[in-house]
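We count residues from 1, following the sequence as given.
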Amino acid sequence: MNPSAAASKRKTRIIPLLALAALFSSTPHHAALAAQSLPQVDFDRMGTVGLGGAFAGFDLFDNSSVSFDPSTSTLLSRSSNGSLASLGSTNSGGAITAGCALGTTFYVGGAFSSVGGVSAANVAAYDTAKGAFAAVGSGGPNGEVLTMYCDESNNKVWVGGRFSSPGSSVAVWDTSANSWSAAPFGGLSGAQATVNSITTNSSATSLFFAGSFVTNFGGNGTVVNGTNNPNVPYSQGATPYSSSLVPIPLQSAQVQGSPSSSDSQFSNIQNILCPSGGDGPGQTWFAADGNTALITARTFTSLSASGVRLGNTFLDGRGTTGFSVTTIPDNTVQTLHYLDPQTGQNQTCSNPCPLLTDSSILYQDFIFSNPINITGVQISLSEWQGAGPGLHMMQLLSSGAFASSVGSQNGVSCFAPGASNTTSTGTWSEKDANTNIAGTVEAVLVSDVAVGTSPAQGPSFTWMPYVSASGTYDVNMLVPGCTAFQDCALRTSVQVTVFPGGGQQPWITTVNQQNTDDATALIYSGSIYPSSPDFVTTITMELASNPAGSGQDGQYEIVADRVQLVLNSANTTGSATSSGSGTVGAGGGQSSFGFFEWPLKSSANANATSSLPNTTETSLDSIGVGLLSGLGGVSSLTGASAAVAAVAHHPSGTVFIGGNFTLSSGSASGASHIVAYSNGALSALASNGLNGPVTSLFVDGNTLYIGGAFTDTTAGTTQGKLRGVAMYDVQAKQWGAMQAGVNGAVASLSYADGQVQVAGNFTQVLSASGSASGLETAGIAVWDTNRNSWVNSGGFLVGQMTFVGNGMAPSKGQNQSQIMAGNVAASLKYGAPGFVMLQTGGNDGVPEVTPLGVELGSDVASGSTGTTTTRRRSHISAVTTGWISNVRFPRLFSRQSAGSSTLPTTPSATAPAVLTGAFWTNSSSGNEVVVIGGNFSYTPSSGSSESRGVAIYDPTSSTLTALQGAQMNGTVRALFVQGDNLYVGGEFTLSGASVSGFAVYDLAQQQWASSQPPSLSLSSGTPLVHSITSSSSSSSLIVVAGTFSTAGSLTCNGICSWNTATNSWASLGNGIAGEVSSVAYAGSNQETLVASGVITLSDSTSANVAQYTFSNTSWAAVGNGADIPGPVTAVEVNDGNSSSIFAAGRSSDGSSSFLLFWNGAQWTTVGSGLEPSTNVSQLTMVPLQNTHSANGIIEPDRMLLVSGFLADSSFGNASSALFDGQNFIPYIMTRTADGDPGTISQVFHSLTTFSFTQKHFLAVGIVILISIAVGAGIVFLLVLIGILWTLFARRDETLAAKYDAAEEDDASSTHHRPSSLLAHINAATRNTIIGSTSPFAAFNAEKEEEHAGAGRVMSPDDPQFMRAETPSDAVIGGTTDDAAFRPSHARYSFDGAGEGELAVRAGQELQVLDDRDESWWYARDPRTGEEGVVPAAYLY
């Protein structure tokens, strides 16, 4: 099922591929059926068509269907609309647990010996072009495969799992060399020697391996791989060096951008300093359109800067393409150095410098030739694309890291968890001094200390700078000159101690502060480790042991200014010294558990099964070190089940690690099953994680999606709403529920096109915590991230799914498809909770199907009858290949005893079931919606409380709206719309109203009618309404039929009429005795009503099919009642022909089913192949696009659609079949949520009457050519007449006068110009291209005065309406004025593919603006305002 504001509906042409082999008997007739094409039903001629029933899966019948054995693992493809198709299954006992796509090949892995009938050990390839499986080379994994990653850039498939060859737990398939090999690092071993997950970092430059294994890094060296700093969002426009430079805080700086956009959402320059979200409103700055822009940032204090970081905007096609940077105060245009992301080469630029417009590049770093001291920068955006320049990000990069003694100058840097900090002892006061930079004042802290005071007793000051990344740094202390402060006599020397971390010894330096000018003292050079919750670099200053100078007045003065860390290279390990037992490797290095990073471009020669050199260690490998330490060291892994199952990398640099573990020590102590890694250390998520194992993770924007076997956070803070699935807000650091999750464990997650696919061992998605009820969805569920709700998953299956992943890359304009696998018991192409919509398909006869776009629930409160039930499915039933003994057929009607005089028991319609429907067009909006009724519950799209029984469904937006007011208790079985009134029938009551079985609702006012018809009642039991109809000959009478004995105080058995004019009940003639199941109409104006059921006329004649004539109010039996063997459950009149009636039902003893045909003289049995278990709920005639063989029962241009539960000796069972007068052709199959056969209750359509006659029209191009030819002929004829007139005028004055009159006639005849068709087409084309108003607007203005008295607009049905004989008649009639159109409807669908044509659908409302041409009318779609020509024969 997108999502835009109006969610797109799932509509596709369905090609039936799937069903249960359990549905078919093994007769030779099957081969013929498999090859037989489906009849081409023309649903569009019926208007809009809906189909309802008690089913969860839907497909067209196909005897070439695939059988499912739940002991195997089946691979399924899931299209972008959710429909399913089987690709193949493994051997019995096999399992598919992983897969990935590479080109047109999908690779699958697991534990199997064959798949799709092809021998393949644990890994196989499915060629989507050929539709066939193949083994993947020889020498592949010799054990279970648990994860796969397809590396498109290198055409390799990485495989992880539990095996020993060709490498330990990791193997690589090279598609170019067609060979298997061990991983470049040899493999992974230790612990359980299992790899559960292979994913990439956010930039797809490194692979993350997760599982249960131990790696050892030898020695205590400090060299690591050249990967970017993990603590900032990754961008290809940055380098390991530039990404390690801490941005200078500009929150307190003066930042100006000019000229700014007038759009308030993009005019604030502060938006781009540290954007908290993606490129968009409130996160981006636009310059005024068409203007070069200047961005100026001044701090009015001295800064040590190394460059700028710029992120482009990509909104509305605009963005900066060229810029320059001028430093302040030296007013120098800087030469910048940058990495070109497209070539990977270092480049130099000045004015202008290029800024890429590639949206995949978050930002680019531009570095000065050397760090320089400045007070600000001015950035000129001189070149742009689109309407003007703009930026999403602008940052000033420091020389590495920094800290000021004055706290107010230590702002929080972008991407930093906190600001640099300071501490002190003693008394310190602030002092200001002018600097050598004009207009700049420097603030420092000073402390006085008595001469002779020991360092331990004197004041001290400690800087704790935030260091983003490890590397080699020079640490400088800035000492302001004493001349500017006029305190030279007080100055002395200090001792400075630097603690760099990583187990290194502190560095102690003595600094003399007696300098007269500003000075910089180097106090350390070497490795610095990044800040983390466990470690921070500290620089402490105190009085020197042997202070310089003698002081003044017995006092020294110590000055604390700033410390600067100048990054020389980013080349040290990314973790501080690990603590905890058992994390030191045998070679004196470090050991890690469950996580390993390998850069894809690495050429290192290593063996991870023994000891890895430090050259292979990356900054993120400290994740595994922290996990091992938190678990208690290597000794804690003995016999333990701890493992990492999934890893996800957020663009901010945070890495999330999920699995089965609980940490007992370290920075994330107490965290369970999921932790985060950022700023060099592990940390617990909110509420200490989850209370059960995590199996799957992925990140979408700032939301982390988690799947597994949990129900809540570790602290139980969500009241059990995190069952199997959860969301985590990365920025807000808080948990979110996906309603109440699912009722089982989740094995796999996938994401595409705004939807999360969830696969696992569950049968429902839950609406509330602690509830056992929810929406049926076995093994696969779909969460819509835009709606924030569960939606129809598209396909239908019953099974336990083990894997879901994205398939091949979609074609342009298409959405992403998925591949799924698991133990499947049953599957159909469409998942549909009781309702689909049908439209005419192509020449293959396959209709277009639109399943209900939302899920319906089974949590239905029972009504007064007790027949409405709520079912909970607690297991998955396996469907085997034997069809008679194992398939459970539903009993729509129970068997009756001999001589039964009642209808079969009403179907229980296990929820969710849609049993009836009707269409209503909102007169105010022109929008057509579907009203569905049945036995179901749902939460309206508005998010209000749960509703039941009836819903208004908008197929355009896939939303449900509840009927307002009193709630319905029970089951709805009949709906009928007349005008804005909805008539509801069934077995129900209304809360707070005296209603039983029949009620009226005002759709326009959205409320129950204030005065309801007096209630129906039954002398013994609860009244039940089966049918609500109205005859076009007596439209004021609403005919209500069913099982009841009175209507209000009126005795009225089985059928009664509600008079809308008098608001009263009335009997039809003398009435009947018995029950009525179905009603149809005969006659050109529906003058005759045909009722079926168990009927006895007033003269005691038994007539289970009877007819009522409205003109004489009389009842009569249709044929001899004795010829009908039992109660009739469905009746249909063939196109109003009272001599062509079909009736279906069950014998009086319930032992057999029948289908009868009335030919006007007698009843005869047809369809003799129906088996005793058949139950027919509806008969309806449907038109065809093609024809069938002629016979004496049904005309070649139509067929009888038989619906319900059908069993036939030739095809097995189906939910609907087409009957051509001689043979049944199985058409539709459905399944319940358990995989049992479903039933179809009703097919309903928007047009009350329609034509079965097939009309054939010439192609539009031919019509145009003929029109041109005719027009050219007329022009030629006029020219010829003119010539002849001239000749004869000279010879005969009398003839001249005669021909003068003829000329006048001909002149007026030009109003009949055939060329008007071309005018229509050209005008409509011009209107489409340039968006102009109606092409007849000018003409309308000229005729406005004539139209002023035109009066009302008449429709073709108006008795005063007359078709225009001439074009001028049509104009005067008022059909060309925008304010005076003629309403019309489309009888047929028209694709409107030609130039100037308007596409319409059957039943669509239109406004005819010009009908002067006999073949083509100019019309407007009132919903969209689009105009164009439409074939006149297509409108009525």
request  = Take Leu631 and Phe593, measure what side-chain contact (heavy atoms from CB on, under 4.5 Å) needs, and give me the verdict at the end.
outcome  = CA-CA 9 Å; Leu631 289 168; Phe593 169 77; 3.6 Å; yes

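- When all heavy atoms of Ile528 and Pro500 are compared, the closest pair comes out as CD1-CB, 3.7 Å.
- No hydrogens or angles considered: nothing links the side chains of Thr299 and Thr375 as a donor-acceptor pair under 3.5 Å.
- With hydrogens and angles disregarded, no donor-acceptor distance shorter than 3.5 Å links the side chain of Thr348 to the backbone of His337.
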query = side-chain contact (heavy atoms from CB on, under 4.5 Å) between Leu245 and Ile367: does it pass, once the steps are laid out?
reply = CA-CA 10 Å; Leu245 303 175; Ile367 305 303; 4.0 Å; yes

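- One N or O on the side chain of Asn410 and one on the backbone of Ser404 form a donor-acceptor pair closer than 3.5 Å.
- Residues Val496 and Tyr524 form no side-chain contact, since every pair of their non-hydrogen atoms from C-beta on lies 4.5 Å or further apart.
- Checking side-chain atoms of Gln251 against main-chain N and O of Val412 turns up a donor-acceptor pair under 3.5 Å.
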message = Run the side-chain contact (heavy atoms from CB on, under 4.5 Å) test on Ser304 and Asn373 for me, step by step, so that the C-alpha distance in whole Å, both residues' side-chain angles and the decisive distance to 0.1 Å come before the verdict.
response = CA-CA 5 Å; Ser304 178; Asn373 290 322; 3.7 Å; yes

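- At a threshold of 4.5 Å between non-hydrogen side-chain atoms, the residues Gln513 and Val494 count as touching.
- The OG atom of Ser622 lies 6.5 Å from the CG atom of Leu620; values are rounded to the nearest 0.5 Å.
- Side-chain atoms of Thr147 and Tyr149, non-hydrogen and from C-beta on, never get closer than 4.5 Å to each other.
- Not a single donor-acceptor pair under 3.5 Å links the side chain of Ser525 to the backbone N or O of Asp474.
- Looking at heavy atoms from C-beta onward, Gln334 lies out of side-chain contact with Val308 at the 4.5 angstrom threshold.
- Between Ala676 and Thr654, the shortest heavy-atom contact is CB-CG2, 4.0 Å.
- The closest donor-acceptor contact from the side chain of Ser667 to the backbone of Ser683 lies at 3.5 Å or more, if one exists at all.
- Here the closest non-hydrogen pair linking Leu637 and Ala191 is CD1-CB, 4.3 Å.
- Of all non-hydrogen atoms in Leu273 and Gln395, the two that sit nearest each other are O-CG, 3.4 Å.
- Asn216 and Ser591 share a donor-acceptor pair across their side chains, judged by distance under 3.5 Å alone.
- At a threshold of 4.5 Å between non-hydrogen side-chain atoms, the residues Arg562 and Trp463 do not count as touching.
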key: Chi angles and distances behind the side chain to side chain donor-acceptor pair (under 3.5 Å) call for Ser460, Thr425   = CA-CA 5 Å; Ser460 67; Thr425 63; 2.6 Å; yes

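- Looking at Ser189 and Thr609, their side chains never bring a donor and an acceptor atom within 3.5 Å of each other.
- Between Phe596 and Phe185, a ring centre-to-centre spacing shorter than 6.0 Å is recorded.
- A side-chain contact (heavy atoms from CB on, under 4.5 Å) with Trp507 is found for exactly one of Val475, Val498, Ile523, Thr497, namely Val498.
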Verdict with reasoning, Leu355 to Gln364, per side-chain contact (heavy atoms from CB on, under 4.5 Å) = CA-CA 8 Å; Leu355 192 62; Gln364 290 178 256; 3.4 Å; yes

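- Residues Val699 and His649 are not in side-chain contact: their nearest non-hydrogen atoms beyond the backbone lie 4.5 Å or more apart.
- The aromatic rings of Phe661 and His673 sit tilted, their planes meeting at an angle between 30° and 60°.
- With rounding to the nearest 0.5 angstrom, the CZ atom of Phe415 is 9.5 Å from the OG atom of Ser468.
- Taking 4.5 Å as the limit, some side-chain heavy atom of Val195 sits within range of a side-chain heavy atom of Phe213.
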ask   = Do Ser306 and Ser399 pass the side chain to side chain donor-acceptor pair (under 3.5 Å) test, and can you show the C-alpha distance, the side-chain angles, and the key distance before you say yes or no?
value = CA-CA 5 Å; Ser306 288; Ser399 56; 5.0 Å; no

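- For the pair Ser672 (side chain) and Gly689 (backbone), a donor-acceptor distance under 3.5 Å is absent.
- Atom CZ in Phe208 sits 13.0 Å away from atom CD1 in Ile198 (nearest 0.5 Å).
- When all heavy atoms of Asn607 and Gly186 are compared, the closest pair comes out as OD1-CA, 4.1 Å.
- One distance of note links CH2 of Trp598 with CG of Leu207; it measures 10.5 Å at 0.5 Å rounding.
- Remark: the backbone N or O of Phe402 is paired with a side-chain donor or acceptor of Ser420 at under 3.5 angstrom.
- A distance of 5.5 Å separates CG in Leu565 from CD1 in Ile539, rounded to the nearest 0.5 Å.
- Atoms CG and CZ, on Leu362 and Arg309 in that order, are 9.0 Å from each other to the nearest 0.5 Å.
- The backbone N or O of Ser527 lies less than 3.5 Å from a partner atom in the side chain of Gln504, making a donor-acceptor pair.
- Counting only distance, with no hydrogens or angles, the side chain of Asn312 and the backbone of Asp358 share no donor-acceptor pair below 3.5 Å.
- In this structure, the side chains of Phe461 and Ser424 come closer than 4.5 Å at one or more pairs of heavy atoms.
- Proximity of a side-chain donor or acceptor of Gln283 to a complementary backbone N or O of Ser276 within less than 3.5 Å is detected.
- The shortest heavy-atom contact between Asn201 and Glu597 is ND2-OE2, 4.3 Å.
- Side-chain N/O atoms of Ser592 and Thr215 include a donor and acceptor closer than 3.5 Å.
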